[in-house]
Amino acid sequence: MDIVGLANYAVFMAILIGIYALLALGLNIQWGFSGLFNAGIAGFFAIGAYTSAIITSIPAAHRLGGFELPLLLGWAGAMVVAAAIAWPIGKICLRFRADYLAIATIGIAEIIRLVIRTEGWLTGGVRGITGVPRPFGDLPYMQSQIAYLAIVIVLVLLAYLLVERQLKAPWGRMMRAIRDNENAAAAMGKQIAARRLQAFVFGSALMGLAGALFVHFNRSITPEAIDPMIATFLIWIMLILGGSGNNRGAILGAAVIWIIWSVSELLTDRLPTELAIQAKYVRVFIIGLTLQLVLRFRPEGILPERQPVPPPRT
Amino acid sequence: MPLLDMKAVRGGYGDADILQGVSITVAEKEIVVIVGPNGAGKSTAMKAVFGLLNVRGGSIVFDGEDITGWAPNRIVQRGICYVPQVDNVFREMTVHENFEMGGFLRKGDLSAAYERVYELFPDLKAKRRNLAGDLSGGQRQMVAMGRALMLDPKLLLLDEPTAGLSPKYMEQIFQITRDVRDAGVSILLVEQHAKQALAFCDRGYVLATGANRHEGTGQALLADREVAEMFLGG
Amino acid sequence: MLEVDGLVKAFGGFRAVDGCTLRVNKGEILGLIGPNGAGKTTLFNLIAGALQPSGGTIRFLGEDVTPLSTDALFHKGLVRTFQIPHEFHRLTALENLMMVPPGQPGENLFANWLAWGKVQRVEDEVRRKAEDTLAFLELSHVAHERAGNLSGGQKKLLELGRTMMTDAKLVLLDEPAAGVNRTLLRKLEEKILILNRERGYTFILIEHDMEMIEKLCHPVVCMAEGKVLIEGDFHTVRSDPRVLEAYLGETPAAIERNEFEHDPKVEELREQELHKEDL
Amino acid sequence: QNVKVGLLGGITGPIAAMAPSMLDASRLAFNQVNEQGGILNGGRLEVVVGDSACNPQNATDAATKAVNIDRVIATVGPHCSGAVLAATNSVAVPAGVLVVTPSGTSPEITRINDRDLVFRTVPSDDYQGRALARTLKARGITKVAVAYLNNDYGKGLAESFKAEFEAGGGTIAGYSGHEDGKASYRSDLAQLARGGADTLVIFDYGDGTGLTILRQALENNFFKTFIGADGMKSEAVIRSLGAANLTNFFASAPVGEASASLDAFRTAFSAAGGNPDAIFTTTSYDAAFLVALAIEKAGGDRSKLAEALRAVASAPGEPILPGEWAKAKKLIAEGKDIDYKGAAGDHEFDRAGDVPGQYAFFKVSGNTYEAVGEMK
Amino acid sequence: MTLLDFINFYLVPGIVLGSIYAVGAIGITLVFGILRFAHFAHGDMATLGAFIALALVTAGMDPWTALPLAMAITAGVAIGIDRTFYDYLKARPKIVTVMASLGVALMLRSVVQMLWGVDPTTYVTGIVRPTDYFGILLRPRELYTLTAVVLIVVGLELFLRRSKWGKAMRAMSDNPDLARLSGVDNRKVTMLTWAIVGALTAASGFMLGINTEVESMMGWHLLLPMFAAAILGGVGRVQGAVLGGLIVGIAEELSVFILPAQYKAATAFALLLLILLVRPRGLLNGKVL
Ligand SMILES: Nc1ncnc2c1ncn2[C@@H]1O[C@H](COP(=O)(O)OP(=O)(O)OP(=O)(O)O)[C@@H](O)[C@H]1O
Ligand SMILES: Nc1ncnc2c1ncn2[C@@H]1O[C@H](COP(=O)(O)OP(=O)(O)OP(=O)(O)O)[C@@H](O)[C@H]1O
Ligand SMILES: [Mg+2]
Ligand SMILES: [Mg+2]
């Protein structure tokens, strides 16, 4: 184990944390501030990933595209398509409350996953899509990783500022009010359905962007990436543990959970090699247990929802 | 010896102390009224008795036994019954089931008790199969009261039982209170219809900002000009 | 201003509002009384668009608003409070009020980026207004408390406070006095009168507090079993035998405050008090 | 000095049931190396086991750790195609680490821009499906129904099988994919049976859904004959359905030349407590053994690994069978050329790092599988 | 295709599968309805139950005798899990407990994998050909499964409606504080709920296992359809869960008529969406939490 290796590993982890942070921020808009129980994160993540992959990858015979278009177009496309698909879904589903919405969105994500697996002409089916370009991908390993990290950091920062300002603004207050009591909010003239939809679409667009970042990082995507355990539930754990309703909490939660997820393996690797396979099961156990411990001691999340005190009178 | 004796109770929901030393006693067969401005800590004082609060100082003795820190279900078994100010019915259960839950701890045949409650609140008879959550505000108050009357407690804590009730029913609640007292039950009552309540109670307390402000017989408090102006609406 | 015609609301087989007809003129404070379960709150829910009627029509400012939703009605100038407080429990008391004013530029997603200055200006105004309202309601000390943590009465006040945050034409108040301290209530009555006289608000007030009805309301309407039983001035309504029977109970005198004020024992004590002070 | 090699398996994911045997087979190869003189100058091969969980997120994570923290110079695995694509594209290839996967069957792997670093000991789906189609034709079966698992393995096989079978004049009387993990496939089977075929070809895993399908087909008398590919050739099938019920069940599987290699592997793996019939054990073993040979040949120089791998795997050269590490080491030291003949085939890598397959046809006999013929 | 074929190869499998879903969905709906959170460890608890039964069978018991015992043991495990992991979160927003249950799901799964490995196994080796009842083909295990489901549903419904503790459970779900004020010991009610839920999960895991195979991911795969069934019927409604389970099971089996078989898993959800559009709180008008 040496410094360069560790640094490389850290950079890699940071990139993934950034991608998850985007997902968690998107979820925070939906759940933390608007109370929308979206349990179909994986679906929007996948839509973003596949859209950007199709737009930017090299042409392939058996599926749609690739169109070899510029990267920025891919990212914008990922957000737009994710938002465009979120719109009708939200239109139909947001009238369901709480857990009904959760299961409806899980269902939609499952349907999206099955479509991606099955409709090969569109997505390459179970073979997935390869040949997705990565910005600065031709640099040597370390430089290219660092360059990508820089891009991810900039995007996460942008997203953070964007979301943070919306939430500090009256818009955020209104969304939280709708979350707390929709009847009263309606009586105060707020258009519940339209506002919810706005938040849902906004959050989904961020999830789409995260998908795009993911696919360009891996240079390929297959349907296995849409595993709900990782692309949905893990994000939920990140948000709740970081502190739902708090953007910094969302980012921090992404970091903590992914570090637990990833580093737990280093821990179980210390077990004797005959137990190498069992060690992986133990690892899953440790992940579950650590989650319990964190919930035990920080049940409100690491950074709980703040009461945003409006700026003082001028 | 008083039936209920709260001495210098301090405590709150989180870390902050809402109650800063509240002392209240209720003797046997006595109606005691608490009045005070909104947010004074009246409801909090009742919750303190019922173990729904972090009590950090003072003591609560009931019937010779220190019940500070007991779990609510144990306190009910000991013979205290409580009607909270808000959230005081099971919304997703029918009116009748609410009464059944009221008599949860009672063994044996309860039909006489149901009979009595429906007699007191005839409006509820027609609504017995309705969910309590679908009732009007006033009807819910009746359900809450009826639920409490299903038990035979030694002490009844009522938090604004008349809020939202029509004048007719308000009068009736006060009448029930007196009847129950006459049957040997002590009552601790929080009221914003302060004048009416003070007029028939045995003793009264005025709470403000989490502490005792005044106490005395109902008549004396009514007569106190400061009390009248500051707390009873002139 | 508001015309309700033959309004019906049935829950299953039960008609909570059963052919209710009502007129409210501009500038009135209409008092709505009636036994528990008479259908008063349900009527409010229908007028405010929170429930859809099973029959009948509602006209507001000359326009048929029967099918409109709550938020659309709000923008036409109709504001209501809830009998059981509907506070935004995770917002502070101050935020509960600040969220009310309609058309805040900061509620637009893009304005927060393109016109931040304006958003800030409006925000300051709204904040000032909310703080003043809290001060009036004696809630300043809990301005930054989560509304869910307020006491029962404080929540009711907050409910009322929301109606003061916007320019309304018609305000529906559902038992604003229940659980509110009487001393404060007297102040609220003043405020309602001021809003009515100076700002031209029209009110419909559901109350079981006869004192308040007497002081504020004309005309008074008594509902029973989903229908209007009688309409008239306070004294006519109060002395109607049907109202006495169904609503006030057999001994209406008992609830009048005069009974206590003229209670000889109390008078006597009061005299003594006065003497004490003199000494 | 010791050399570290990564072993990235899908331990906790959807192929959790198959991964342990595969890892054990790879480990057997490494153990043989360490027992027979070690690697290079008597060093040990150290194995770093990572869990790719069969999804790209975990795979890149595991690969990054192996490459950066443990500094492996080559990896055996990851196991699933999606994991291979992600781990090679974003980690292994940029970092210059050799990857030999024993079970990534997707044709997409051929297309990775891999700087000649990505190899596989398992044939791309194409080969086996075609071989199976020809075998069935040769055995006189002209009408079949096909049920495949909708993943890269099942679907790839099904497509190539269908193409070849139909090109040869056969009829596909039912063709449908299914998803993993459902409790009942009876209506799928009923639907397939309506085409009138007597033979069902199942491209699935015998310790997964394939078992459920086979059971439900047998219990309901849906077909008379059942054909599987290597995935179906699993002990779990015999164990839970009973050999007596499997007289009409056949499976194809890749085998080494003349089966001498295969026998060598079977003996060694059985002796080590493994089950040589479990799916992908032969390819796993070969991948590990080849990686070891390549390291030896390259003298531990990671930049020469790919070249060395091609050299030790392909003709000409002295044939090396599974387990013959000491012999191979000696020959390499003498500068002689060697040619590894693996348990799963000859492993003559083409330009993309793919291998053609060699297969045999198996039937159930006793409590195990028995080869009943070569496949062309 | 004859009517009998339709019944034997589409309908009956659908009903059997649906009953298995139903038993799981009842447990989910109980946790939803009484403890008010979505219990994501449900599937893996079912796996554990199935494996406990397997252990008993391996020890020489007959599968159907092992079932009640496995149910009892799993009930104990469920109570233990609640005590150790969920109980201290009860004052927190429910979503926190939902996350805790995901953690528990991971832990249970890895325990099963560590103890029993990952290979699929069965309670009984070999295959069972069905018996012909006037053209309708049924196996004993299917008959037992259906009978067990009916018994469970009727018993549970009676218990919840009639018994004092059933009412206490509903009261606690409605308003926990008020329930305590009425003298209900919420701890006992919670334990009772978990006992029932644990027993139900074991039953569903066992039934799945006896009708197919026993393996470590079986419960996780079952989770989503079970949730769909619970929601479809309406949160907190036992009959709703049964109805939902049957609908999902039958719909999945029949879907092959109109959709490629790959989309089988999607039919449950497509149907769920359709039904929610018409009845946003499920078929039997469930609760909104
Ligand atoms: N959702 C509902 N389902 C069934 N019945 C209802 C529903 N809502 C109200 N009711 C019934 O309608 C009647 C009128 O209720 P409403 O709340 O309008 O009374 P109210 O006049 O406001 O009484 P109060 O003075 O007690 O508040 C009551 O009998 C109530 O039980
Ligand atoms: N759950 C809670 N968490 C934190 N603070 C609370 C909570 N409930 C009440 N408080 C605070 O405690 C103080 C006293 O509340 P309490 O409910 O005892 O008042 P009260 O005298 O009953 O008033 P009211 O007449 O309005 O019912 C209030 O300032 C309130 O903000
Ligand atoms: Mg109070
Ligand atoms: Mg009302």
Side-chain angles (χ1 to χ4, degrees), chain B residues 13-14 18 35-44 84-87 121 123-124 126-127 130 134-142 159-160 162-172 174 192-196 198-199 209 217-220 222-226 228-234, chain C residues 11 14 16 33-42 83-85 138-139 141-142 149-157 174-175 177-186 208-211 246-252 254-255 257 259-261 263 265-274 277:
Chain B
Y13 300 93
I18 306 270
V35 298
N38 296 116
K42 305 183 293 296
S43 305
T44 309
Q85 181 177 7
V86 289
D87 273 342
F121 304 108
D123 289 11
L124 294 184
K127 300 266 170 200
N130 283 50
D134 287 344
L135 297 183
S136 83
Q139 289 166 338
R140 281 195 211 195
Q141 284 293 67
M142 298 177 208
D159 198 343
E160 303 202 18
T162 62
L165 284 182
S166 72
K168 179 177 160 185
Y169 269 111
M170 180 175 83
E171 188 49 36
Q172 185 167 341
F174 288 149
Q192 291 296 2
H193 292 113
K195 284 183 200 154
Q196 291 91 325
L198 285 173
T209 56
T217 63
Q219 309 293 359
L222 276 172
D224 187 317
R225 238 194 5 199
E226 188 201 327
E229 248 163 49
M230 301 279 293
F231 305 113
L232 309 182
Chain C
F11 297 108
F14 176 77
I33 61 173
N36 294 118
K40 305 180 294 294
T41 302
T42 310
Q83 179 176 7
I84 295 163
E138 298 181 0
L139 291 174
H141 61 291
V142 289
N149 289 348
L150 297 185
S151 79
Q154 288 169 333
K155 286 179 184 169
K156 287 241 57 140
L157 291 172
D174 198 347
E175 299 196 22
V180 171
N181 180 268
R182 297 297 122 166
T183 307
L184 184 53
L185 186 59
R186 299 289 96 88
H208 292 306
D209 185 283
M210 286 304 110
E211 214 176 317
Y247 184 55
L248 297 171
E250 259 85 9
T251 54
I255 53 116
R257 71 175 165 174
E259 188 191 12
F260 309 116
E261 301 243 311
D263 185 333
K265 239 161 76 200
V266 173
E267 290 293 305
E268 198 179 306
L269 282 165
R270 228 177 229 177
E271 290 289 311
Q272 289 172 9
E273 289 277 315
L274 279 174
E277 260 168 47

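The chains referred to below are lettered A, B, ... by the order of the sequence lines, with proteins before strands, and numbering in each begins at 1. In what follows, every heavy atom counts, from backbone to side chain, and hydrogens, waters and symmetry copies are set aside.
For C/Ala246, the part lying under 4.5 angstrom from a heavy atom of chain B is the backbone only. The part of C/Phe14 that comes within reach of chain B is its side chain, from C-beta onward, which places non-hydrogen atoms under 4.5 angstrom from that chain. With a threshold of 4.5 angstrom between heavy atoms, B/Glu160 approaches chain C through side-chain atoms but not through N, CA, C or O. With a 4.5 Å cut-off on non-hydrogen atoms, B/Ser166 touches chain C through its backbone and its side chain both. Heavy-atom distances place the side chain of B/Lys127, and not its backbone, under 4.5 Å from chain C. For C/Leu185, no part sits under 4.5 Å from any heavy atom of chain B, backbone or side chain. For C/Glu175, the part lying near chain B is the side chain, with the backbone staying farther off; criterion is any non-hydrogen pair under 4.5 Å.
Applying the ring pair (Phe, Tyr, Trp, His ring centres under 6.0 Å) criterion to B/Tyr169, with sequence neighbours excluded, gives no partner residue. Considering only residues two or more places apart in sequence or on other chains, C/Leu157 meets the side-chain contact (heavy atoms from CB on, under 4.5 Å) condition with B/Asn38, C/Leu137, C/Leu139, C/Val180, C/Leu184, C/Leu188.
In this structure, the side chain of C/Asn36 engages the main chain of B/Gly164 through a donor-acceptor pair within 3.5 Å.
Residue B/Pro167 comes nearest to C/His208 through the heavy atom pair CG-O, 3.7 Å, listed as atom of the first residue, atom of the second, then distance. C/Gly179 approaches B/Ala163 most closely through the heavy-atom pair N-CB, 4.2 Å.
Expressed to the nearest 0.5 Å, how far CD of B/Gln192 lies from CG of C/Asp209 amounts to 11.0 Å.
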Apply side chain to side chain contact (heavy atoms under 4.5 Å, CB included) to residues B/Leu232 and C/Arg182 and explain how you reach the verdict.
CA-CA 5 Å; B/Leu232 309 182; C/Arg182 297 297 122 166; 5.6 Å; no

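For the options B/Gly218, B/Ser136, B/Gly14, heavy-atom pairs under 4.5 Å to chain C are most numerous at B/Ser136.
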